[in-house]
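Below is one structure, written out as structure tokens, with a few remarks after it.
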Amino acid sequence: KEASVKYPRQVQCWQDIDIVDISLSEQHGAAIDAQGNVYQWGEAFWRKSGIVGTFLPVCTLRGHRCTSVHTNPGGVYLIDDNGQVIVLSLDARRSPQILPALGGNNERIVDLHAGASHLIALSSQGKVYTAATNRFGNIFGQLGRGPTDSTKRAMDQMQRPPVFPKSLLAVVTDWPHEPKRVDQADAVTADSAYDQPDSLFADIHFDQVEHLRSGVVQIAAGDQHSLALAEDGTVYGFGSNEWLQLAQGDYDPSKAINPYPVVVYKSDPADGLKCTRIACAADTSFFVLDSNEQTTIKAVGFGQFGELGNKSWTHAQGTPVEVRSISGLTFYDEQSRKVKPIRLLSLSTGKDHCAAVMRTFTPGSLTPMTGKYGYDVYVWGGNKEWQLGLANRRHNQPVPVSMEPPDPTLPDCDYTDLALSKAGPTAENPEGTITFIGGQLQFLPDPNSDPGDPKPAHRIRCGRDVTVIY
């Protein structure tokens, strides 16, 4: 148990488990393995579950084929392969809950994101739903369904003593165990959700955001704000604009809270750039803009620790700025003999730091001579807990830089015997999947993926002051 881990290290307890998704909050984390089983760990989880004498992950849910996991300070939120949302407490002795289904017509949840006190979900019909996970869930209008009564009611509830329903106080000692389904009639409605404190399962109830009834293809959540990307490339946002993360220009007190969706970014056909992806850090918003010629990443909002990526320390940025180093990159394709853009493969955001994987590997380029080259990994933003993996450098990074290799003589950093190879595939380790070439971290293609459309063998995920590669 250490206060900070200063360099990338292998976590031995995960070596025999194939992780497919992971989420890291400040005091706890959760992961899903290839069979859909769920694991939990962390100080908050161990303390509330009464677990002592170990600092290892615990499997708390089996047999539900979960596919996606998200966390916030109050709990763990999962999607299973039936499109159901399952909620796990930080107290493993409490039964998990399956939230009420959405409307008819076989509508199911296909994506889910967690803010500090709210959830935002995307349905198979392109509709957006939100839910409060505790009494603070709509103070900033982050549910996108209006302010006034619910916001005032949430403020009033802060002064009331906690009231715990008896049904949630039953202790379950045998876990992992089956979730308990919450029927629609038993669920507390959104309007009365604030009558209960903190993350009690019966309080979580999805309601539709009326202004986003169709055509949404992607969602994202910051601590107190939400984003939704429409098919035409328009980005809508709602919730807190305290740090200008909703891109409404210079600070205006009347726009500090936006309880209904507002246009955050609108694609302009004139420049050929269309927003194709969105992401949120705690108080920062990101837009990935694509055209035939280039990919540009822009950011807006809080940037004190460099998370805007524009080589500045701006506290509050009200108009989107370009993230440097990874925007507008191109390469010469030998096969087509054309200059092509280097696309963004993935973008992960933590509280105030970010990680990007660039599509620098192209099909057919993995040869005995060039096999050591893969997908470039960049990090930027806050680094007070060494979460950028920059070896001996702890200072914040206002522009994307390559993650550095650790000293192989340090504990848990000798990759030669594992699927993490310091020099890519070797005779001793032909399946190497990570390489550090010239001090730059790269992911190599998954040998089991489609050769015509290869995927990297690893992913990188940012949490709150922590980063993990899996």
Practice prompt. May I ask you to check whether Y39 and W14 place their ring centers less than 6.0 Å from one another?
Written response: yes
Item to complete: Hey, can you tell me if H113 and H70 have their rings parallel, tilted or perpendicular (30° and 60° cut-offs)?
Response: tilted
Worksheet item: Do T467 and R461 have side-chain atoms, one donor and one acceptor, less than 3.5 Å apart?
Response: no
Discussion item. When you compare the side chains of T319 and Q317, does any donor N or O come within less than 3.5 Å of an acceptor on the partner?
Written reply: yes
Worksheet item: Going by atom types alone, do S123 and Q125 pair a side-chain donor with an acceptor below 3.5 Å?
Response: no
Discussion item. Salt bridge or not between K340 and D333? Use side-chain N to carboxylate O under 4.0 Å.
Written reply: yes
Practice prompt. Would you tell me whether R343 and T295 have side-chain atoms, one donor and one acceptor, within less than 3.5 Å of each other?
Written response: yes
Discussion item. Taking R337 first and then E334, would you say they form a salt bridge - that is, a charged N and a carboxylate O separated by under 4.0 Å?
Written reply: no
Item to complete: Please test Y260 against H211 for ring-ring contact (aromatic ring centres under 6.0 Å, His included), starting from the C-alpha separation and ending with a verdict.
Response: CA-CA 8 Å; Y260 294 105; H211 294 74; 5.3 Å; yes
Worksheet entry | Polar side chain donor-acceptor pair, S23 to T71, under 3.5 angstrom | yes
Discussion item. Whether the H118 and S226 side chains hold a donor-acceptor pair (N or O, under 3.5 Å, no angle test) is what I'd like checked.
Written reply: yes
Worksheet item: Hey, are D223 and R464 close enough for a salt bridge, meaning a charged N less than 4.0 Å from a carboxylate O?
Response: yes
Worksheet entry | Distance-only polar pair, side chains of Y129 and D207, donor-acceptor under 3.5 Å | no
Discussion item. Is any side-chain heavy atom of C59 closer than 4.5 Å to one of V38?
Written reply: no
Fill in: Side-chain H-bond candidate by donor/acceptor type, T276 with D290, under 3.5 Å
yes
Worksheet item: How about Q248 and N241: does a side-chain donor come under 3.5 Å of a side-chain acceptor?
Response: no
Item to complete: Output yes when D465 and K351 qualify as a salt bridge under the 4.0 Å nitrogen-oxygen rule, no when they do not.
Response: yes
